[in-house]
Amino acid sequence: MDMKRVLLKLSGEALAGSKKTGFDEETVRGVARQVKQAVDAGVEVGIVTGGGNFWRGRTGNEIDRTKADQIGMLATVMNCIYVSEIFRGEGMDTVVMTPFQVGAMTELFSKDKAVEAFKAHKVVFFAGGTGHPYFSTDTGAALRAVEIEADCMLLAKAVDGVYDSDPKTNPNAKKFDRISIAEVVEKHLQVVDMTASVICEENHMPLVVFGLNEENGIANALKGKVSGTIVTAD
């Protein structure tokens with residue numbers, strides 16, 4: 001699979017490591033070192049993070065859903081600013097873009113600015129989701145992947161690919177090496193949410209699902225060495 005420009009989606013929980021909340025600096029530095037290998041090789045990398053290490057909007061049932069989702073958007077901004085600084089410490093240039101103004105802390109997203117940043121060899125962090133409630137970070141990632149014309153969207157997950165059932169509860173679960181996004185939707189395999197699935201299918205955006213905890217899993221995926229599952233969108 002050709003990997004000239006990619007969108008990497010990291011879960012918020014992944015940034016927390018074994019602590020499960022907040023940040024684990026060594027975990028994030030490990031991610032940064034792997035991404036740097038690809039950046040040094042000329043791959044243009046965009047990154048979307050979730051916010052689950054701080055807040056999950058859909059589980060904030062005690063408050064209005066719109067407000068809960070807005071808190072989640074801000075959690076992703078915090079994540080991207082932090083991870084961006086760790087990346088800088090590992091020798092990469094970065095920029096954080098949001099779909100809404102966040103003072104002087106981020107830049108307002110536009111495709112043109114993002115492409116300019118890629119051409120300047122910067123890692124571009126897309127924070128704040130879509131900027132609207134009721135849309136997940138999966139949907140935000142799919143939207144940005146399509147907008148920046150990425151070759152594919154990489155999903156670093158707790159499991160090492162797409163299975164026909166939950167491998168944590170079913171030891172006989174079958175792992176797919178390759179599957180279409182249409183089959184994912186039909187079989188309710190929940191790789192990404194329905195809205196993100198439709199965006200990827202309609203815009204022919206393939207996905208690569210791999211295990212975040214695999215040794216050099218991110219570095220290998222960014223090089224096109226897929227040990228997980230390729231989800232086609234043809």
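- A search for ring pair (Phe, Tyr, Trp, His ring centres under 6.0 Å) contacts involving F109 returns F126, not counting sequence neighbours.
- Only one option out of E147, E149, E116 pairs with K111 in a salt bridge (charged side-chain N to carboxylate O under 4.0 Å, His left out); it is E149.
- From S84, atom OG reaches atom NZ of K122 across 10.0 Å, with rounding to the nearest 0.5 Å.
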Problem - salt bridge (Lys or Arg N to Asp or Glu O under 4.0 Å) evaluation trace for E26 with R33 - result: CA-CA 10 Å; E26 193 50 45; R33 294 180 189 119; 2.9 Å; yes
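- Among all heavy-atom pairs drawn from G17 and T27, the shortest one is CA-OG1, 3.8 Å.
- Applying the side-chain hydrogen bond (donor to acceptor under 3.5 Å, both in side chains) criterion to Q37, with sequence neighbours excluded, gives K223.
- At most 12 non-hydrogen atoms from other residues, nucleotides or ligands lie less than 6.0 angstrom from CD of Q190.
- Without hydrogens or angle criteria, D151 side chain to R5 main chain gives a donor-acceptor distance under 3.5 Å.
- At distances below 3.5 Å, not a single donor-acceptor pair connects side-chain atoms of D138 with backbone N or O atoms of V192.
- A182 approaches E201 most closely through the heavy-atom pair CB-OE2, 3.6 Å.
- Nearest heavy atoms, H121 versus V39: O-CG1, 4.3 Å.
- Surrounding NZ of K175 are more than 12 heavy atoms belonging to other residues, nucleotides or ligands, all under 6.0 Å away.
- Although no hydrogens or angles enter the test, the distance criterion places no donor-acceptor pair under 3.5 Å between the side chain of N216 and the main chain of A219.
- Of all heavy-atom pairs spanning I47 and V45, the tightest one is CG1-CG1, 3.9 Å.
- Every side-chain contact (heavy atoms from CB on, under 4.5 Å) that I71 has, sequence neighbours left out, goes to W55, I63.
- With T98 contributing its side chain and G128 its backbone, the two residues share no donor-acceptor pair below 3.5 Å.
- For D166 (side chain) and K168 (main-chain N/O), a donor-acceptor pair under 3.5 Å exists by modelled atom type.
- N220 places no side-chain N or O within donor-acceptor distance of the main-chain N or O of K225, the cut-off being under 3.5 Å.
- Smallest separation of non-hydrogen atoms from Q34 and L222: O-CD1, 4.3 Å.
- Between atom CZ of residue F87 and atom CZ of residue R29 there is a gap of 11.0 Å, rounded to the nearest 0.5 Å.
- Although no hydrogens or angles enter the test, the distance criterion places no donor-acceptor pair under 3.5 Å between the side chain of Q70 and the main chain of P133.
- Judged purely by atom type and a 3.5 angstrom limit, T21 uses its side chain to pair as donor or acceptor with the backbone of N53.
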Practice task
Dump the intermediate steps for side chain to side chain contact (heavy atoms under 4.5 Å, CB included) on T76 and F54, then the final yes or no.
Solution key: CA-CA 9 Å; T76 70; F54 287 114; over 6 Å; no
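- With salt bridges taken as basic N to acidic carboxylate O contacts below 4.0 Å, one links E44 and K119.
- Residue L10 holds its CG atom at 7.0 Å from CG of L212, rounded to the nearest 0.5 Å.
- Scanning both residues, A114 and I148, for their nearest heavy atoms gives CB-CG2, 4.3 Å.
- Remark: F23 CZ to N79 CG distance equals 4.5 Å, nearest 0.5 Å.
- With T137 contributing its side chain and G140 its backbone, the two residues share no donor-acceptor pair below 3.5 Å.
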